[in-house]
Amino acid sequence: MGAEQSGVWWLDWAYAGFTLFGEHVRWADLVGNLAALATVALAVRRSMWTWPVQLTGAVLLFAVSVDAHLTGNALKQVMFVGLVLYGWTRWARATRGGAELRVRPATGHERGVLLGLLVGGTVAVALLFEATGLSWAPWPDAFIFVGSAVATFGQSRALIDFWFVWIAVDLVGVPLALMSGLWVTGAVYIVFFVLAAVGIRDWMRRHRAAEAAEAAERAQGAVA
């Protein structure tokens, strides 16, 4: 199911673009998704720049999603503004004084909370979308909406598990984006999947290295 131009005057710029292989590609969709890609790449490196870049992408993708009548995705971008500010603040505190951002796996309790939010939130939002008709694909749209929030929350707390949530979101996001006519978004979701796999490997490696260094320090202290 493709999406047509909304006709709202303030969204004319969001529909502007070019034709590629017979499909209309929006410039805002392209630039917004490039920012989203940069966000994930920067998150792999644990760079503070991941947050302002994500904020820029969220603004652009909000306009594109409204234009494509994807209410859930549009609301997701609004929600991202608050989550970005939260994550930005937490990472800034964790790296104060030049300290390195410590990443770690979630505890059993934290994983239960993340899973509960993902399942419960998806059901609640999907039922809301069905009742109000805010989305033409309520269940996958709701999963992407809630999953993106849960993943970003986990990222803000430097939990390695957030990468696994993003992979699940990517698997749902690819077909939904293509059916909505957002071809750039669909392609970017595929790249997200690859970057998430790289992120898991890199963050786990850094976590194990930090643990090994701490164990070595404790051993040296015991000898001394």
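We're numbering straight along the sequence, starting at 1.
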Can you tell me how far the CD atom of Glu211 sits from the CZ atom of Arg208, to the nearest 0.5 Å? 9.0 Å
side-chain hydrogen bond (donor to acceptor under 3.5 Å, both in side chains) filter on Asp202, not counting sequence neighbours, yields Arg206
Are Val123 and Val165 connected into the same hydrophobic cluster when the rule is that any two of I, L, V, M, F, W, Y join if their side-chain heavy atoms are below 4.5 Å apart? no
Leu37 reachable from Val198 in the ILVMFWY side-chain graph, under 4.5 Å edges: yes
Leu127 versus Trp139: any side-chain heavy-atom pair under 4.5 Å? yes
Evaluate the side-chain proximity of Arg111 to Pro105: yes if any heavy-atom separation is below 4.5 Å, no if none is. yes
Could I get the full list of side-chain contact (heavy atoms from CB on, under 4.5 Å) partners for Pro52, not counting sequence neighbours? Trp49, Trp88
Report yes if some heavy atom in the side chain of Phe129 is under 4.5 Å from a heavy atom in the side chain of Val125; otherwise report no. yes
Report the residues that fulfil salt bridge (Lys or Arg N to Asp or Glu O under 4.0 Å) with Arg157, sequence neighbours left out, ordered by chain and then residue number. none
Minimum side-chain heavy-atom gap Phe162-Ser156 below 4.5 Å: no
Heavy-atom count check: over 12 atoms from other residues, nucleotides or ligands less than 6.0 Å from Phe164 CZ? no
Once side-chain contact (heavy atoms from CB on, under 4.5 Å) is applied, do any residues pair with Thr56, and if so which ones, sequence neighbours excluded? none
Does one hydrophobic cluster hold both Val81 and Met79, with members joined at side-chain heavy-atom distances below 4.5 Å? yes
Linking I/L/V/M/F/W/Y whenever any side-chain heavy atoms sit under 4.5 Å apart, do Leu176 and Ile190 land together? yes
Does any part of the side chain of Leu61, heavy atoms only, come nearer than 4.5 Å to the side chain of Phe80, both counted from C-beta? no
Results of side-chain contact (heavy atoms from CB on, under 4.5 Å) for Thr89 - residues two or more places apart only: Arg93
Approximate separation, where rounding is to 0.5 Å, of Leu159 CG and Arg104 CZ: 5.0 Å
Closest approach of Ala94 to Ala99 (non-hydrogen atoms, all atoms of both residues): O-CB, 3.8 Å
Taking atom CZ of Phe193 as the centre, does the number of heavy atoms from other residues, nucleotides or ligands within less than 6.0 Å exceed 12? no
For side chain to side chain contact (heavy atoms under 4.5 Å, CB included), just list the numbers for Leu118 and Phe143, CA-CA rounded to whole Å, side-chain angles, deciding distance to a tenth of an Å, and then say yes or no. CA-CA 8 Å; Leu118 183 60; Phe143 180 79; 3.9 Å; yes
In this structure, CG of Leu195 is separated from CD1 of Ile200 (nearest 0.5 Å) by 11.5 Å
Can you tell if the side chain of Thr152 reaches within under 4.5 Å of the side chain of Gln54, non-hydrogen atoms only? yes
For Val44 and Gly199, work out which heavy atoms get closest and say how close. CG2-CA, 3.9 Å
State plainly whether one hydrophobic cluster holds both Phe153 and Leu55, where clusters connect Ile, Leu, Val, Met, Phe, Trp and Tyr through side-chain heavy atoms under 4.5 angstrom apart. yes
Could you tell me which residues satisfy ring-ring contact (aromatic ring centres under 6.0 Å, His included) with Trp163, sequence neighbours excluded, listed by chain and number? Trp203
Note: Val174 and Gly186 closest approach over all heavy atoms is CG2-O, 3.9 Å
Work out which heavy atom in Ile167 is nearest to a heavy atom in Ala196; give both atom names and the distance. CG1-CB, 3.5 Å
4.5 Å side-chain heavy-atom contact, Tyr189 and Leu171: no
To the nearest 0.5 Å, what is the distance between CG on Leu101 and CZ on Arg90? 10.0 Å
Once you round to the nearest 0.5 Å, how far does CG of Asp161 lie from CD of Glu110? 8.0 Å
Between Thr95 and Glu100, is there a donor-acceptor pair closer than 3.5 Å when you use the side chain of the first and the backbone of the second? no
Where is the tightest heavy-atom contact between Thr50 and Trp91, given as atom of each residue plus distance? CG2-CZ3, 3.8 Å
How close do Val53 and Ala38 get, heavy atom to heavy atom, and via which atoms? CG1-CB, 3.9 Å
